[in-house]
Amino acid sequence: DGAIYVLDYHRKVIEHPEWLSDEVINSGDLYAGKEKGRIYRISPKNTPTADFLDKIDLGSYKTTELIELLNHSNSWWRTHAQRLLMDRSDPNIIQELVKSTTTNLNEFGKAHAIWLLHGKGALTSQVLLDLLDDESPNVREQAIKLSEIRLSESDELIDKLLAMQDDENAKVRYQLLLTLGELGSDASGNVRTEMLFNDIDSEWTQYAALSAKQINVTQLFSKATEEFVQKESKKTALFFSRISEMMSRAADSNSLNDFLFSTLSSSKEEWHVPIVLDGISNTLSRNKDITISKKNVNLLETKFKTETNSQIRVKSIELLDKIGYFKNQNNNLVTPAKNVSKRKESAPAFRADALRIIARTNADQHLELFNRILLNETNPVVRSAAIDAFGYTSDSNALQKLVSYWPSLLPDERSKGIGILLKKDEGKLLLLNSIQSNKINVASLSWPRIVQLLNSYNTDLRKLARSVLSGNELN
């Protein structure tokens, strides 16, 4: 009937059982209001009352009448007409539907008609070819989608699809990319690449292009580095992140090392290199069977120098961390890192990276260094790395020391410190006790972190959090 129906749900108590007080639980009102509530019918002025509910008898409609209903502006009528036509065994339905797709159906009707023909096993390539030229992008989109089941039967259909790469409608191009992904031909691959590069700022285009059944990821990556060498943006960065992970996941140790070597040994430090290293790191987190060659480890080590792009240096350290490099306390980087950390004339980002290396190698042995930096250092980049270092220590006294610096920490530094305390139960306990003793202001806790504490798996911590943080649940 074209109206909007609103369900007005009613209960006196709506809180989750986890948060009910004893007073509410014992009140006897938990189910109060279950017999109440309303359903509102919202309709335009002068709309007749809803007296039609017992008068609808679509089952008595003729086939041609049901086909006409496929044009209805209200989807309720269209979908029920489609359902009834699908159930009927009238031999004239197919002929009428085929004829209607080029005569008296609007864009709604055509979409329903081709899905009906598909359901009845009577959809032909010719019908699809006709509708791929339809003026409605919605019809073209549906025709493209249904073309997938006919690709092996019609070269003409494939050629038509390949020629649609510049369609003016984004949804049509998106569906076209998905459908062409079913084809493994060079022609399809070239068209998909062109469409991807033309619409690279669309995340959905990236998803569609990278979901193809057969895709030469190495070749696509190579083309992308040429195409986007001067086009750094959030969306191109996102693309390189995705394709780097794809390449890494699909590779064995040999091919991954070849890919990594070509990336690290390039004479140019392109903007996408840190993203590639990050993608490889993410893959190594999931696949423990892949090993990084000694040659690549040496190349990663060489990135720890002041002239290296800071992001490449950081991602190289993170990749070395992923492969367990810093478990060797006599690794080749820890001594140079100690020297760099002491030189105040070194670039702050370089000193921060030195602290990252030291912390990952043996944080407990260098607590005095981290303490000294928090006491004397003013550069926020270096201070931030020193705070991060506390997250690598196993010394419980180190967290106490971190809390002792709280009055001198900046807001961002406090947020980072809270993140470190939340990593372990002992840190959570220290955090709650510090809030209780007013060493740390509860206002420093964000809402997600309050929820994390209130829902701690540790029963004692959960009880303490609900006592200490009482009254802050809705902040």
Side-chain angles (χ1 to χ4, degrees), residues 221 225 229-230 232 237 240-241 244 248 256-285 290-363 365-366 368-370 372-374 376-392 416:
F221 179 86
T225 56
V229 65
Q230 301 295 335
E232 181 179 1
F240 275 107
S241 175
S244 297
S248 302
L256 179 63
N257 275 293
D258 289 342
F259 173 47
L260 179 57
F261 181 78
S262 65
T263 301
L264 294 173
S265 59
S266 173
S267 58
K268 297 180 180 179
E269 292 187 341
E270 306 290 4
W271 65 265
H272 62 268
V273 172
I275 301 171
V276 173
L277 296 178
D278 194 45
I280 295 175
S281 290
N282 291 336
T283 299
L284 292 177
S285 298
I290 291 181
T291 57
I292 300 300
S293 68
K294 179 62 177 175
K295 178 172 62 175
N296 279 325
V297 170
N298 292 339
L299 279 174
L300 289 167
E301 289 175 335
T302 64
K303 301 304 177 184
F304 182 63
K305 52 189 177 184
T306 188
E307 59 267 29
T308 301
N309 172 283
S310 61
Q311 282 300 306
I312 293 178
R313 193 169 59 230
V314 168
K315 294 303 178 182
S316 296
I317 293 170
E318 290 178 359
L319 183 49
L320 286 170
D321 193 23
K322 279 289 191 303
I323 62 175
Y325 174 88
F326 297 109
K327 291 179 181 178
N328 175 13
Q329 296 187 16
N330 296 314
N331 63 71
N332 295 332
L333 293 181
V334 66
T335 299
K338 290 178 186 178
N339 295 331
V340 170
S341 70
K342 298 172 185 176
R343 292 200 298 266
K344 288 195 173 185
E345 66 274 14
S346 296
F350 192 32
R351 290 182 65 203
D353 288 340
L355 292 176
R356 293 185 179 100
I357 290 172
I358 296 168
R360 284 165 169 79
T361 300
N362 193 328
Q365 286 188 1
H366 298 90
E368 183 56 38
L369 169 64
F370 309 140
R372 189 165 60 251
I373 288 174
L374 287 182
N376 304 316
E377 182 62 52
T378 58
N379 185 278
V381 175
V382 180
R383 287 177 59 84
S384 178
I387 293 172
D388 279 334
F390 281 87
Y392 290 90
K416 186 180 286 290

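From a predicted model like this one, the values you see are computed outputs, not experimental measurements. Along the sequence shown, residues are numbered consecutively beginning with 1.
The shortest side-chain heavy-atom distance between L319 and I280 falls under the 4.5 Å cut-off. Side-chain contact check for F326 versus I317: some heavy-atom pair is nearer than 4.5 Å. No side-chain heavy atom of E270 sits less than 4.5 Å from a side-chain heavy atom of T225. Side-chain atoms of L260 and L264, non-hydrogen and from C-beta on, do get closer than 4.5 Å to each other. Put simply, the side chain of V273 does not reach to within 4.5 Å of the side chain of N309, judged on heavy atoms.
A349 and S310 get closest at one heavy-atom pair: CB-CB, 4.4 Å. Smallest separation of non-hydrogen atoms from H366 and N362: ND1-O, 2.8 Å. When all heavy atoms of I275 and F240 are compared, the pair lying nearest together is CG2-C, 3.7 Å. Closest non-hydrogen pair, K315 versus P274, comes out as CG-O, 3.5 Å. Residue F390 comes nearest to A386 through the heavy atom pair CD1-O, 3.2 Å, listed as atom of the first residue, atom of the second, then distance.
Listed by chain and residue number, F261, S293 satisfy the side chain to side chain contact (heavy atoms under 4.5 Å, CB included) test with K295 (two or more places apart in sequence, or in another chain). For F259, the ring-ring contact (aromatic ring centres under 6.0 Å, His included) criterion is met by F221, not counting sequence neighbours. Take S248 and apply the side chain to side chain donor-acceptor pair (under 3.5 Å) test, not counting sequence neighbours, and it matches no residue. Take A385 and apply the side chain to side chain contact (heavy atoms under 4.5 Å, CB included) test, not counting sequence neighbours, and it matches A352, L355. Here P348 pairs with N379, V381, V382 under the side chain to side chain contact (heavy atoms under 4.5 Å, CB included) rule; sequence neighbours left out. Listed by chain and residue number, F350 satisfy the ring-ring contact (aromatic ring centres under 6.0 Å, His included) test with F304 (two or more places apart in sequence, or in another chain). With sequence neighbours excluded, the residues forming a side chain to side chain contact (heavy atoms under 4.5 Å, CB included) with A389 are A359, F370, listed by chain and number. For N339, the side chain to side chain donor-acceptor pair (under 3.5 Å) test picks out no residue, with sequence neighbours left out. Evaluation of the side chain to side chain donor-acceptor pair (under 3.5 Å) rule for E377 yields R351 as partners, not counting sequence neighbours. For R356, the side chain to side chain donor-acceptor pair (under 3.5 Å) partners two or more places apart in sequence, or in a different chain, are D353.
Note that CD1 of I292 and CG of N298 are 12.5 Å apart. Values are rounded to the nearest 0.5 Å. Note: I323 CD1 to I290 CD1 = 12.0 Å, rounded to the nearest 0.5 Å. Going from atom CG of D321 over to atom OG of S281 covers 9.0 Å, rounded to the nearest 0.5 Å. In this structure, N330 CG and T335 OG1 are separated by 8.0 Å, a value rounded to the nearest 0.5 Å.
Within the structure, the salt bridge (Lys or Arg N to Asp or Glu O under 4.0 Å) test picks out no pair touching residues 301-312 (sequence neighbours left out). Sequence neighbours left out, not one pair with a member in residues 335-347 passes salt bridge (Lys or Arg N to Asp or Glu O under 4.0 Å).
In this structure, a donor-acceptor pair under 3.5 Å is absent between the side chains of S241 and D278.
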Verdict with supporting geometry, L277 and S316, side-chain contact (heavy atoms from CB on, under 4.5 Å): CA-CA 7 Å; L277 296 178; S316 296; 3.7 Å; yes
Kindly determine whether R360 and K327 satisfy side-chain contact (heavy atoms from CB on, under 4.5 Å), including the steps that lead there. CA-CA 8 Å; R360 284 165 169 79; K327 291 179 181 178; over 6 Å; no
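Although no hydrogens or angles enter the test, the distance criterion places a donor-acceptor pair under 3.5 Å between the side chain of N296 and the main chain of N257. Checked by atom type and distance alone, the side chain of N376 pairs as donor or acceptor with a backbone atom of R372 at under 3.5 Å. One N or O on the side chain of R383 and one on the backbone of L374 form a donor-acceptor pair closer than 3.5 Å. Proximity of a side-chain donor or acceptor of N331 to a complementary backbone N or O of I357 within less than 3.5 Å is not detected.
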